[in-house]
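Before any comments, here is the structure.
The basis for the numbers below is simple: all heavy atoms, side chains too, and nothing from hydrogens, waters or symmetry mates. By convention here, the first residue in the shown sequence is residue 1. Since the model is a prediction, treat every value here as computed from it, not as a measurement.
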Amino acid sequence: ESLGGAELDFYARKALTTVGETREFRYFWPRFAELAVSGELLTEPQIVFGKPVYGDHRTWPAAEQRAMPTLAAAIGEWLGAVEHPEEDVDAWTCAIALLSEGLEDPRPFLRPLLRETPAAWANLRALVDWNQKSMQRKHRLGGFWDNAPNAGRRIFEWLTSEPRAVQAARAPAVDWTPPDDTPPSEP
């Protein structure tokens, strides 16, 4: 029997920044990743997936390093296939950046967002919309993206130069009209 999200959430949030050392964290890392992806942790993905950066993941054994971009690619595929709320798209894209920071270029992991599917388009729009103000004001992505400066810079460049991302930034918001709940008028 393995530990669940309720038992591991505190440690997932505080590991390396407040409690524990890299060796202990690496032991729990696969379970943290599994629980984060399945939604069983309350801790935000960008916190969980930022922990390997704090633990200097570039010094980990090669097999453990290779697993992180593999997970980033899987998250990218998921973002291209399933529509998510804006803040979740940003959190998971930030997780991709954190998983690839210092290991690989994150932009190939975003290719699923370029697919001609409703989910991919909605998530690309969500990512652009969520970051629009920060990109315009600061010319960078903000918040947790600061923990992945190289990958964050590459994703910022991708969002501002990839034709489909630029198209998403320029596209008008989807018109949505609420249902008319007004009862019909009497003749």
Considering residues at least two apart in sequence or located in another chain, which fulfil the salt bridge (Lys or Arg N to Asp or Glu O under 4.0 Å) criterion with R153?
E157

Taking all heavy atoms of V128 and all of A168, pick out the closest pair and write down the distance.
CG2-CB, 4.2 Å

For G152 and A97 the tightest heavy-atom approach is N-CB, 4.5 Å

Is there a path of hydrophobic side-chain contacts, each under 4.5 Å between heavy atoms of I/L/V/M/F/W/Y residues, joining Y11 to L42?
no

Quick check against the 3.5 Å criterion: does N123 have a side-chain atom that pairs as donor or acceptor with the backbone of L79?
yes

Cluster check F10, L16: I/L/V/M/F/W/Y, side chain < 4.5 angstrom
no

Name all residues meeting the salt bridge (Lys or Arg N to Asp or Glu O under 4.0 Å) criterion together with R154; count only those two or more places apart in sequence or in a different chain, and write none if there are none.
none

Residues in side-chain hydrogen bond (donor to acceptor under 3.5 Å, both in side chains) with N147, at least two apart?
none

What residues form a side-chain hydrogen bond (donor to acceptor under 3.5 Å, both in side chains) with T17, not counting sequence neighbours?
K51

CG/L8 to CZ/F28 distance, rounded to the nearest 0.5 angstrom?
6.0 Å

Is W121 linked to V166 within one hydrophobic cluster, defined over Ile, Leu, Val, Met, Phe, Trp and Tyr using a side-chain heavy-atom separation of less than 4.5 Å?
no

Under the ring-ring contact (aromatic ring centres under 6.0 Å, His included) test, which residues partner H57, sequence neighbours left out?
none

Verify, without hydrogens or angle tests, whether E86 (side chain) and A126 (backbone) share a donor-acceptor contact under 3.5 angstrom.
no

Between T117 and G80, what is the shortest heavy-atom contact and its length?
OG1-O, 3.5 Å

Residue set satisfying ring-ring contact (aromatic ring centres under 6.0 Å, His included) with F25, at least two apart, ordered chain then number -> W29, F32

Hits for ring-ring contact (aromatic ring centres under 6.0 Å, His included) against W92, two or more places apart or cross-chain, chain-then-number order -> F49, W78

Between OG on residue S2 and CG on residue L35, distance to nearest 0.5 Å:
7.5 Å

In short, salt bridge (Lys or Arg N to Asp or Glu O under 4.0 Å) pairs touching residues 131-144 with sequence neighbours left out are R140-D146

Applying salt bridge (Lys or Arg N to Asp or Glu O under 4.0 Å), name anything that partners E40, two or more places apart in sequence or on another chain.
none

Side chains of N150 and E101: any donor to acceptor distance under 3.5 Å?
yes

L71 reachable from I96 in the ILVMFWY side-chain graph, under 4.5 Å edges
yes

At their closest point, which heavy atom of A12 faces which heavy atom of L41, and how far apart are they?
CB-CD1, 3.9 Å

Using the side chain to side chain contact (heavy atoms under 4.5 Å, CB included) rule, take L127 and D90 through it: C-alpha gap first, then chi angles, then the decisive distance, then the call.
CA-CA 5 Å; L127 181 62; D90 180 67; 4.0 Å; yes

Are W145 and T93 close enough, and set up right, to give a side chain to side chain contact (heavy atoms under 4.5 Å, CB included), and what steps lead you there?
CA-CA 9 Å; W145 291 89; T93 306; 3.6 Å; yes

How far does CG of L114 sit from CD of E162, to the nearest 0.5 angstrom?
4.5 Å

Hydrophobic side-chain clustering at under 4.5 Å (ILVMFWY, transitive links): who's grouped with F144? Put none if nobody.
I47

Roughly how far apart are I75 CD1 and T70 OG1, rounded to 0.5 Å?
11.0 Å

Quick check against the 3.5 Å criterion: does N131 have a side-chain atom that pairs as donor or acceptor with the backbone of L141?
no

So, using side-chain hydrogen bond (donor to acceptor under 3.5 Å, both in side chains) as the criterion, who are the partners of W60 when residues are at least two apart?
none

If I compare all heavy atoms of G55 with all of T22, which pair ends up nearest, and what's the gap?
O-CG2, 3.5 Å

Measure the shortest side-chain to side-chain distance between P61 and R26 over non-hydrogen atoms and say whether it is less than 4.5 angstrom.
yes

Which distance, rounded to the nearest 0.5 Å, do you find between the SG of C94 and the CD of E44?
11.0 Å

Sidechain N-carboxylate O distance under 4.0 Å for E116, R164
yes

Just how far is it from atom CE of M135 to atom CG of D129, taken to the nearest 0.5 Å?
10.5 Å

Heavy-atom closest pair (G4 atom, R31 atom, distance to 0.1 Å) is CA-NH2, 3.9 Å

Got a sec, which residues hit salt bridge (Lys or Arg N to Asp or Glu O under 4.0 Å) with E77, two or more places apart in sequence or on another chain?
R115

Treat each ILVMFWY residue as a node, draw an edge where side-chain heavy atoms are under 4.5 Å apart, and state whether L3 and V48 are in one component.
yes

Test W130 against V89 for side chain to side chain contact (heavy atoms under 4.5 Å, CB included), laying out the working first.
CA-CA 9 Å; W130 186 262; V89 174; over 6 Å; no

